[in-house]
Amino acid sequence: MAKLQTPHAVRGTQDMFGEGQERFAHVIDTFDRVRRLYGFKGVEVPVIEPTAVFARSLGETTDVVSKEMYSFDDRGGDSVTLRPEFTAGIARAYLTNGWQQHAPMKLATAGPLFRYERPQKGRYRQFHQLDAEVIGAAEPIADVELLGFADQLLKELGIASGVVLTLNTLGDGDSRDAWRAALIAHYEAHRSALSEDSIDRLGRNPLRILDSKDPRDIAINDTAPGIDDYLSDAARDFFAAVTTGLDAAGIAWTRNSRLVRGLDYYRHTAFEFITNRLGAQGTVIGGGRYDGLIETLGGPATPAVGWAAGIERLAMLIDAPAGDAPDVVLVPLGEAAENRAIALIAALRRAGIAADMGYKGNMKKRLQRADASGARYAVILGEEELARGEAALKDLRDGSQRSVALSALAAAIIAA
RNA sequence: GCGAUCGUAGCUCAGUUGGUUAGAGCGCCGGUUUGUGGUACCGGAGGUCGCGGGUUCAAGACCCGUCGAUCGCCCCA
């Protein structure tokens, strides 16, 4: 009989349990709490969308679309794609559900995304993001509020000191196009001195040459035209309003005029929250304004801003959260006591007390488990105690123990 | 997609220039203690050395391939 081979997990996916899962959950819990503080409504959208949703909105030449999407034909012959990002799918939902009536909409969601990439630390094929969007608002105050949300999230996660907000503007459509043309002219003039990668970028995504790490490119970037010289008055005013708003809100930021973003849809504000604690994967939250996106999906001109945060990356940066521990563990001795304990534990749980009880084991075993669970108390139910209508309430931290009437047990635990 | 390093118990690792039945710590299970955990002591289970092929009298050690992880590039959260 041949041995059965256990299938392994798909490359770039992960199984989470224990501390890893607790970190992950804590990031989402914190996000969900802060999101309410800022008036962002929860939204749920499909993990799978028609391929066109992403292909059209992200830009055909971007890496995400050209080589990283999990796309396949379903049984009906339609091309569908596992979402590689949130924004395009949310924009699609906005249009197909007629959510224009709710504009401006402040939306938040979290969940898995899929990108066929080479896995590294903080980088997976199935990864998870927090996402926040403001759709249907052209005002710079929306940018400020959105950034404030991100900033407070990081603070409440306790990692703000290791992360900095870097900010830039890409200008409006006209500004961006003019700057882009000037950059192409500049790089074409120095084409022979560029790195191979950047010559390739010149054709696909010239803005990306700006943050190249290749020394040959860095020299040419020094003399490259800056966005500030191509900003229209409106674009300049917009950016100024965002930065003064950030200052007013007490949100620290630094300008990085070289910051560009990979996806084609960004306009005006672009930003990244960056840390140096994750190696090459330093971006922890990234986003910007995408006023042109909804039109590319066949909708009306609709201004919008948003960001996404890598849950795995945030989870690696935070301190280990306190794990789940019951308030109390019941330790029945004998069959009769176990039956009483079943009734008692139900009553404790209904009273809002986190109570647990092993399925089997002698007293020693049960106390060991109670201790390992991190519970504050053990309730020992033996014949002697039950005969008196009492139980022994044992404090597992200092070992002290006292008798409490069964009817007063819940109150005693809550009071402690 | 490219380059590099690594893959030995659940975890962290040791394992001489290839040479008997592959080890340690932690963890897990049991016992010392048939009504008292955390400490201590004693004992036990658990590995076809990632997988496949090759070289050799002999491979955990060497070679090739493959899968996976990690680091960098690319890209991104």
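So that the names make sense, note that chain A is the first sequence line, chain B the second, and so on, each numbered from 1.
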Show each protein N/O and nucleotides 1-4 of chain B N/O combination with a separation under 3.5 Å, one pair to a line.
from: C2(B); atom 1: N4; to: R118(A); atom 2: NH1; distance (Å): 2.7

If you take any heavy atom closer than 4.0 Å to RNA chain B, which residues from residues 12-47 of chain A end up in contact?
G12(A)
Please work out which residues in residues 82-90 of chain A have a non-hydrogen atom less than 4.0 Å from an atom of RNA chain B and list them by number.
none
Pick base, sugar-phosphate or nothing for A308(A), based on heavy-atom distances below 4.0 Å to the nucleic acid.
sugar-phosphate
So what does I285(A) hit on the nucleic acid, given a heavy-atom distance under 4.0 Å: a base, only sugar-phosphate, or nothing?
sugar-phosphate
Quick one: do E272(A) and R261(A) make a salt bridge, cutoff under 4.0 Å?
yes
Earlier contact from the 5' end, RNA chain B, for Q129(A) and D395(A):
D395(A)
side-chain N/O [X] vs [N] OP1/OP2, d < 4.0 Å:
| X | N | result |
| --- | --- | --- |
| R201(A) | C74(B) | yes |
| K213(A) | C74(B) | yes |
| R261(A) | C75(B) | no |

Please tabulate, one pair per line, all N/O donor-acceptor pairs under 3.5 Å involving side-chain atoms of residues 318-337 of chain A, not counting sequence neighbours.
from: D327(A); atom 1: OD2; to: A354(A); atom 2: N; distance (Å): 2.8

Look for any protein N or O under 3.5 Å of an N or O in nucleotides 7-12 of chain B and output each such pair with its distance, or none.
none

Tell which nucleotide pairs with C41(B), taking only Watson-Crick or G-U wobble pairs whose two distances are both under 3.5 angstrom.
G31(B)
Tell me whether the centres of the aromatic rings in F17(A) and F24(A) are closer together than 6.0 Å.
no
Under 3.5 Å between N/O atoms: give me all the protein pairs with nucleotides 38-47 of chain B, atom names plus distance.
from: G38(B); atom 1: O4'; to: D371(A); atom 2: OD2; distance (Å): 3.0
from: G38(B); atom 1: N2; to: L396(A); atom 2: O; distance (Å): 3.3
from: G38(B); atom 1: N2; to: R397(A); atom 2: O; distance (Å): 2.6

